[in-house]
Number of protein chains: 4
Amino acid sequence: MCSTLPRGARTPRTGGRPRSARADAAILEATRAALVELGWSKLTMGDVATRAGVAKTTLYRRWAGKNELVVDAVAVLFDELELPDRGSLADDIEGVVRQFAALLERPETKTALMAVIAESTRDEPLRERIRESIVARQKRLVLEGRRRAQARGELPASAGPATGTDDLIFDVIAGAVVHRALVSAEPVDAQWVRRLTALLLGGLAAAAADAL
Amino acid sequence: MCSTLPRGARTPRTGGRPRSARADAAILEATRAALVELGWSKLTMGDVATRAGVAKTTLYRRWAGKNELVVDAVAVLFDELELPDRGSLADDIEGVVRQFAALLERPETKTALMAVIAESTRDEPLRERIRESIVARQKRLVLEGRRRAQARGELPASAGPATGTDDLIFDVIAGAVVHRALVSAEPVDAQWVRRLTALLLGGLAAAAADAL
Amino acid sequence: MCSTLPRGARTPRTGGRPRSARADAAILEATRAALVELGWSKLTMGDVATRAGVAKTTLYRRWAGKNELVVDAVAVLFDELELPDRGSLADDIEGVVRQFAALLERPETKTALMAVIAESTRDEPLRERIRESIVARQKRLVLEGRRRAQARGELPASAGPATGTDDLIFDVIAGAVVHRALVSAEPVDAQWVRRLTALLLGGLAAAAADAL
Amino acid sequence: MCSTLPRGARTPRTGGRPRSARADAAILEATRAALVELGWSKLTMGDVATRAGVAKTTLYRRWAGKNELVVDAVAVLFDELELPDRGSLADDIEGVVRQFAALLERPETKTALMAVIAESTRDEPLRERIRESIVARQKRLVLEGRRRAQARGELPASAGPATGTDDLIFDVIAGAVVHRALVSAEPVDAQWVRRLTALLLGGLAAAAADAL
DNA sequence: AGCTAAACGAGACGGTACGTCTGGTCTTCCA
DNA sequence: TGGAAGACCAGACGTACCGTCTCGTTTAGCT
């Protein structure tokens, strides 16, 4: 990954004291800690500043507001998502679902994710930031999984790079896990994961058969 | 539908002036209007009271806070969801997906739904209220759809009433639509709906075959 | 004393259920109790109603507001002031000063008297009510004292009934005691009373000599 | 005068933006204006803030509440009291009585003084603040007047500095004027002042004779 | 080594909204 | 029809955060 947080990049440098990298790290860490303790709605900028041992001005010099700060604070957690090759499409899907579910179990993710998405429905730049920092992270896994399955011969080679099916699969997997974890508020356990995987594989097989 | 809003039920009442039913309606209507104009995060209790021509105390007498008020205000919108019999499981699924997507397109629903779900991750009573007022509304449609498909012979008769598959299907449909509409922020158009339906039918068919 | 509180008198009786005299007494008693416990500024109409086991409506039907209620509640305490004949002007003065000081030591009087006087500076009807219910009670004692002293020959017979000196003496005695008790917040003890009495007698004697 | 308002002294200050002195002045001025227009009981903190062009928080950062604010706002008026040497004790007394009466005629003083004294009966720190800011201002005049009269030979030199008679004279003068102006609500005119002065001089002379 | 310019902490600033409390008024039902 | 109960509107309360603005103080990089 290239440029690091905060994304509010600035023109190179003219003179003066450079910004403290230590402050950035402390702020993001403090934000995650505050999310865990207080949740999204009770997290305040002043509290984050205090926890980070930093002045409020320092926060606002880097982030436009709570939304942007929290997106950056949790975005790094989504960087951990990976897709180790488990040998079959079914196992790959199960793996990524489990990883994603584990991420959503973390209290900071749980309270922050839905909140920033809710905010983004009325804030286009925020939506873009979320897409870049968080959603793209997950979508990459779907593309990677398909490519790998096609290499294995489990799926037919597709025509173009973005077939629309990728988008669908992404929405279905991510949406189902989020809904299970946050809306239904029931555990993403082994059985549920297996069932979801079976449903997807069956559906994909049928779709492949149709396409013949 | 039986018991009306607000859900914060009260003891029957002996003496004193009864609460104004007109106020209830005006408040919920004002809340929806404020959601459309301002969105969740800029909606304030004072503003809702002013719009409704009501004192703030009257709001707080009925609802504990913004969360509860908004849940009740949008809950009624979910009452409109229905499952008209379109003759086949595929058409029924397409119908319900379209209905749900249309509901999520409404600005009041879009801005409120994710927000209250985010809040509910740290507020168990709120989660229960959402489950009763909103989620159950949708889940009902899944059960109804399965029963109808079994009656038609499109699906095998299941053993018990809650197979777990119902839950899965519910999370997949609702989650996928929400994710498409709010996270990916792309239109739930005819093609996407058809693809989702195909995926589900394929997956269900495979699952039925497995069970043989 | 003739007509009792509340002063907001009403035409005798037309029909229907008569007002409860018991309620009046309970309300005034509750007001005094609330004054003792809470003081003027934290006393509320709702609290008085609750203490008296009465609805707020009943309070407002009888008194225009907190000011009027409190005036009536403490006025009765001023009815207790008397001027027993102690045989000399000096002793009579000392007696009345002591009585008045004792009254001002009571917490309900202390907190209420200055407050209603403060209110009365912007409320003419209230001032009139205070004058009738409270001030006149005290002024009467000055007149009585003078008459008695003149009968004893301690003071020369004055021309008219209201010489202006009565008013002065009244303001001096009442003002001095109030100021000592509430502003200086120091005890009205025997020595202070003796000194005040001496000052007054000396002043009166000089005035009488002047008038010769 | 040395230390300025607000009396709520603060630690010298190390970092941070310094408090605006302009705000202090604007607030106190606004408070006096509000007292004149609305009187004590209808004066609100929010209104004062608006008049002063200041946020409510700025008021509360400096004053604990309405009582403290009003004391400081009117205290400055009592600083104007002086005791110009008019050549005789009688004239000095008349002068100070007239000044004090003129002060009590001002609407802001009239409505505020009794009110804060009433509040102070249940609030020891407030009483102390009033004593420092207001009462001491007046008491000083009594001491000064006595010293001057003794220098002139009008009064015998007293033994100690605080004879108790000073306190008495102070309570009598201040109390009588306040009572006349606010309770009796009658004008402190030339005749009344002359009579009061005569009474005091007569009383003091008699006391001096006694002491021989 | 000194200069410069930005970043830093601290905290006051004008605001907005909060959730509560009180003041008076108005229904509704009971006695 | 008076009274208890309590809901009603209006608006002030004092607090919490917001995001901005002074302050005086570092702290880097460029002379």
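By convention in this document, chain letters (A, B, ...) are assigned in the order of the sequence lines, proteins followed by strands, and residues within each chain are numbered from 1.
- The listed nucleotides are E/dG15, F/dC9, E/dT20; the one nearest the side chain of B/Y60 is E/dT20.
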Distances under 3.5 Å only, N/O to N/O: pair up the protein atoms with those of nucleotides 22-25 of chain F.
none

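- Here B/R122 pairs with nothing under the salt bridge (Lys or Arg N to Asp or Glu O under 4.0 Å) rule; sequence neighbours left out.
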Pair up each side-chain donor or acceptor in residues 33-41 of chain D with any protein partner under 3.5 Å, not counting sequence neighbours, and list the distances.
{"residue": "D/E37", "atom": "OE1", "partner": "D/R51", "partner atom": "NH2", "Å": "3.1"}
{"residue": "D/E37", "atom": "OE2", "partner": "D/R51", "partner atom": "NH1", "Å": "3.2"}
{"residue": "D/S41", "atom": "OG", "partner": "C/E119", "partner atom": "OE1", "Å": "3.2"}

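- Straight-line distance from the NZ atom of A/K56 to the C1' atom of E/dC13: 10 Å, rounded to whole Å.
- Residue B/R19 places none of its side-chain N or O atoms closer than 4.0 Å to OP1 or OP2 of E/dC26.
- Nucleic acid contact for D/G65: none, since no nucleic acid atom lies under 4.0 Å from a heavy atom of the residue.
- Looking at residues two or more places apart in sequence or on another chain, you find no salt bridge (Lys or Arg N to Asp or Glu O under 4.0 Å) involving D/E68.
- DNA chain F is contacted by D/T44, D/M45, D/G46 of residues 29-46 of chain D, taking any non-hydrogen atom closer than 4.0 Å.
- In terms of the salt bridge (Lys or Arg N to Asp or Glu O under 4.0 Å) criterion, B/R22 has no residue partners (sequence neighbours excluded).
- Neither OP1 nor OP2 of E/dG9 sits under 4.0 Å from any side-chain N or O of A/R61.
- Partner D/V116 forms a side chain to side chain contact (heavy atoms under 4.5 Å, CB included) with one of D/V74, D/L69, D/V70, D/D123 and no other, that one being D/V70.
- Considering only heavy atoms from C-beta on, A/L59 stays 4.5 Å or farther from A/K56 through its side chain.
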